[in-house]
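What follows is a single structure, written as structure tokens, with notes after it.
Lettering follows sequence order; numbering is per chain, from 1.
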2 protein chains.
Amino acid sequence: MATIRDVAKLAGVSVATVSRYLNKNGYVNKDTEQRVAKAIEQLNYEPNAVARGLAGKQTGTIALILPDIANPFFPEIARGVEDVAQKHGFTVILCNSDDQGQKEKSYIEMLRKKYVDGIIFASNTLGQDDVEQMNKNNIPLVVLDRAPTRQSCSVIRSRNYEGAKLAVSHLLDIGCKKIAHLYGPQELITAKKRMLGYEESVLDFPWYTPSLMVPGHFRMDGGLAAVKELFAKHPDVDGIFCGNDLMAIGALKGLHQLGVRVPEDVAIIGFDGISLTEITTPELTTIAQPNYDMGALAAKVLIETIQSGVMEAKLYELDVELIVRDSTKR
Amino acid sequence: MATIRDVAKLAGVSVATVSRYLNKNGYVNKDTEQRVAKAIEQLNYEPNAVARGLAGKQTGTIALILPDIANPFFPEIARGVEDVAQKHGFTVILCNSDDQGQKEKSYIEMLRKKYVDGIIFASNTLGQDDVEQMNKNNIPLVVLDRAPTRQSCSVIRSRNYEGAKLAVSHLLDIGCKKIAHLYGPQELITAKKRMLGYEESVLDFPWYTPSLMVPGHFRMDGGLAAVKELFAKHPDVDGIFCGNDLMAIGALKGLHQLGVRVPEDVAIIGFDGISLTEITTPELTTIAQPNYDMGALAAKVLIETIQSGVMEAKLYELDVELIVRDSTKR
DNA sequence: TCACAATGTGTAACCGGTTACATACATTCC
DNA sequence: GGAATGTATGTAACCGGTTACACATTGTGA
């Protein structure tokens with residue numbers, strides 16, 4: 001592989017000039033430019049990214065830390081991140097934290113040593129101390145969807161509260177008379193807001209009672225168990241708003257096992273808009289987040305932060321959309 | 001951040017000694033070792049991975065190139081890759097090729113410039129020239145699942161042919177009298193072998209005719225369309241072996257639309273064992289590949305190649321397993 | 001005509017590691 | 001006792017870029 005010095009020699013200029021030509025900063029004469037270009041061409045020269053990283057402290061690499069890429073919620077986000085990164089000449093490092101603070105910290109450690117230019121977090125366990133450490137090390141970060149606080153870093157989220165209200169009002173619209181809610185881990189802002197939206201929507205109905213809210217841990221098996229628990233207490237429920245799609249799928253399974261028909265006996269609506277909602281029978285109505293767009297936006301914001309050098313701390317809230325499918329069609 | 005020179009100064013030794021201590025190569029006296037260790041401790045020193053990369057030409061980074069992480073087939077593989085990489089102190093760069101040779105080449109270009117230590121391919125469009133280029137540049141690569149040839153690189157695959165025979169014989173076992181096959185893109189060795197397994201299993205039956213094989217492009221919508229085409233010609237089919245799970249899900253949908261009952265009228269079996277097969281109604285019988293393990297093995301083989309420096313070209317074929325679920329239960 | 005700015009280029013230090021080679025002393029073997 | 005070998009350490013070049021600074025030339029305004 002040719003180096004910048006080879007190019008300089010062949011073009012009869014100094015390495016500084018070649019570097020200036022490459023980075024398009026500083027003055028380079030038109031003629032010189034031509035000569036350098038030709039030398040580069042001839043030698044088939046490619047600047048070495050690692051050397052660049054060392055000298056310039058920018059590696060053109062960002063990291064995406066998420067709990068588990070095998071969770072169907074994340075691949076679309078990851079795709080959004082990667083597409084935008086790729087378009088800007090950045091490369092994406094994938095990290096699965098399993099929501100373990102320990103794993104997360106060791107990733108951050110390693111990423112810092114590798115001079116990643118920035119990090120996107122889609123993880124729950126991001127601690128205040130981590131954020132501070134990143135700030136101290138001057139590593140830009142963007143938090144996706146789940147951050148409890150918004151401090152010295154940008155946050156991308158969707159309108160969970162509004163989405164929840166939308167979900168409940170849809171169930172009411174189609175004539176539901178008693179609506180339950182399966183909720184996710186309350187340490188997640190996402191789960192909390194969705195529950196809040198539900199509560200505020202139903203609080204004034206005579207049928208409402210807190211035991212209509214059952215935890216499902218944002219997981220499929222959790223949704224399945226929850227729905228059974230729910231029907232033991234409230235066999236007359238005729239609508240369920242699930243805090244995420246995975247629980248909704250679990251609930252669907254559970255109802256199927258109980259011999260309850262969807263949507264005839266019970267209507268179900270989920271939240272997230274993951275692609276799995278299209279493969280169930282019946283297909284699931286859901287409040288769709290723009291998952292891909294959230295990833296894409298996160299990457300865009302991060303890269304802007306990296307390139308401008310100013311670490312802003314904005315909150316971006318994206319709109320959600322009600323997608324009506326068979327699980328609520330009567 | 002402290003550098004190796006700071007450590008050397010504080011410990012009263014040369015940088016070479018510190019480096020030897022860090023890499024545990026060459027001689028270092030016990031006492032010196034202690035002093036260096038203390039200096040590192042005091043300065044909170046962390047070796048800089050980029051500088052290391054430049055000097056040593058090893059970055060502790062591997063890349064995973066796949067068509068699309070949002071395709072449900074890949075996240076599990078990716079997870080397997082990442083877990084093993086992480087355990088060995090490697091970092092994984094994620095690349096979505098969309099099966100476009102062009103995109104793939106530009107990724108490879110960029111990865112080479114970044115000194116990635118090796119690449120795992122799970123992409124169809126990997127050309128002979130690419131492989132040669134990698135070999136010339138001495139970048140180890142491992143090809144996952146879909147490689148046409150096996151030349152100067154290791155290949156990880158599952159027993160597609162055997163799996164296909166297993167699938168058909170299962171359908172025969174449950175009493176199917178006319179079995180169709182939805183197949184994937186024939187340029188994929190995977191799709192080809194699965195079709196071959198089908199053909200050889202059914203060739204001698206009187207009901208067999210080539211028009212029982214319908215293309216479904218390994219996609220859900222393809223499976224849906226294929227099943228409709230199939231039933232227009234062969235309404236008496238009572239078993240379908242789908243070349244992958246996505247098509248099986250599509251077929252399930254299509255049959256549902258046609259009012260055909262599964263498994264009563266038609267039994268369906270897929271291939272791959274992706275997690276989606278558990279959320280359909282009825283749940284899908286499938287020939288499960290060890291997806292996670294395939295990713296993990298790919299990473300293991302790649303890292304071994306990187307660390308040993310010998311570029312072997314082995315073929316690993318993993319066993320598949322029949323998982324019987326409702327879609328073939330009679 | 002002179003001062004100053006804009007343009008163009010080169011030298012060499014620097015980023016933070018690794019490592020070939022030189023040197024020195026302690027053992028071991030014949 | 002001298003050669004060969006093992007242990008321990010330091011010097012300095014090297015990986016391949018970027019960039020501060022110096023210097024030269026040309027253009028411009030007063």
Within 45° of the ring axis of Tyr115(B) and under 6.0 Å from its six-membered ring centre, is that where the NZ or CZ of Lys113(B) lies?
no
Examine the base of dG17(C) for any acceptor or donor lying under 3.5 Å from a partner atom in the side chain of Arg5(B), and report the outcome as yes or no.
yes
Nearest whole angstrom, please: distance from the P of dC25(C) to the CG of Asp31(B).
18 Å
Please identify which of these residues, Asn291(B), Leu66(B), Ile274(B), meets the side chain to side chain contact (heavy atoms under 4.5 Å, CB included) condition with Phe74(B).
Leu66(B)
Lys114(A) side-chain N/O to Gly60(B) backbone N/O, donor-acceptor pair under 3.5 Å:
yes
Look at the side chain of Val13(B) and decide which nucleotide, out of dG10(D), dT9(D), dG16(C), has an atom nearest to it.
dG10(D)
Arg52(B)-Asn23(B) side chain donor-acceptor pair, cut-off 3.5 Å:
yes
Is there a side-chain contact between Asn29(B) and the phosphate of dT7(D), meaning an N or O under 4.0 Å from OP1 or OP2?
no
Counting side-chain heavy atoms from CB outward, which of dG16(C), dT18(D), dT9(C) is closest to Thr32(A)?
dT9(C)
How many Å lie between CG on Asn25(B) and P on dT9(D), as a whole number?
14 Å
Sorted by position of nearest nucleotide on DNA chain C, 5' first, the leading residue of Ala16(A) and Leu54(A) is Ala16(A)
Would you say dT18(C) has OP1 or OP2 under 4.0 Å from some side-chain N or O of Asn23(B)?
yes
Can you check whether Glu304(B)'s main-chain N or O pairs, donor with acceptor, with Ser308(B)'s side chain at less than 3.5 Å?
yes
Could you pick out which residue, Ser14(B) or Gly56(B), lies toward the 5' side of DNA chain D when each is mapped onto its nearest nucleotide?
Ser14(B)
Which whole-number value in Å describes the distance from Lys24(A) NZ to dT7(C) P?
17 Å
In terms of the nearest nucleotide of DNA chain D, which residue is placed more toward the 5' end: Glu33(B) or Leu22(A)?
Glu33(B)
d(CD1, Ile4(B); P, dG16(C)) in whole Å
12 Å
Lys57(B) atom NZ is separated from dT19(C) atom P, nearest whole Å, by 11 Å
Under 4.0 Å, counting only non-hydrogen atoms across every strand here, what does Glu46(A) touch: a base, just sugar-phosphate, or nothing?
sugar-phosphate
Rounded to the nearest Å, what distance is computed from the OH atom of residue Tyr27(B) to the P atom of nucleotide dT7(D)?
4 Å
Side-chain N or O of Thr3(B) closer than 4.0 Å to phosphate OP1/OP2 of dG16(C)
no
Per the atom types in the model, does the base of dG8(C) pair as donor or acceptor with the side chain of Arg20(A) at under 3.5 Å?
no
Euclidean distance, atom CG of residue Asn48(B) to atom P of dG16(D) [Å, nearest integer]:
17 Å
So, is Ser19(B) near the phosphate of dT18(C), with a side-chain N or O under 4.0 Å from OP1 or OP2?
yes
Lys114(B) atom NZ is separated from dC15(D) atom C1', nearest whole Å, by 18 Å
Which part of the nucleic acid, if any, lies within reach of Tyr21(A) when heavy atoms closer than 4.0 Å are counted: base, sugar-phosphate only, or nothing?
nothing
For Thr17(A) and dG10(C), is the shortest distance between a side-chain N/O and OP1 or OP2 below 4.0 Å?
yes
Hey, are Lys38(A) and Glu41(A) close enough for a salt bridge, meaning a charged N less than 4.0 Å from a carboxylate O?
no
Identify whether any heavy atom of Val15(B) sits under 4.0 Å from a base atom; if not, whether one sits that close to sugar-phosphate; answer base, sugar-phosphate or nothing.
base
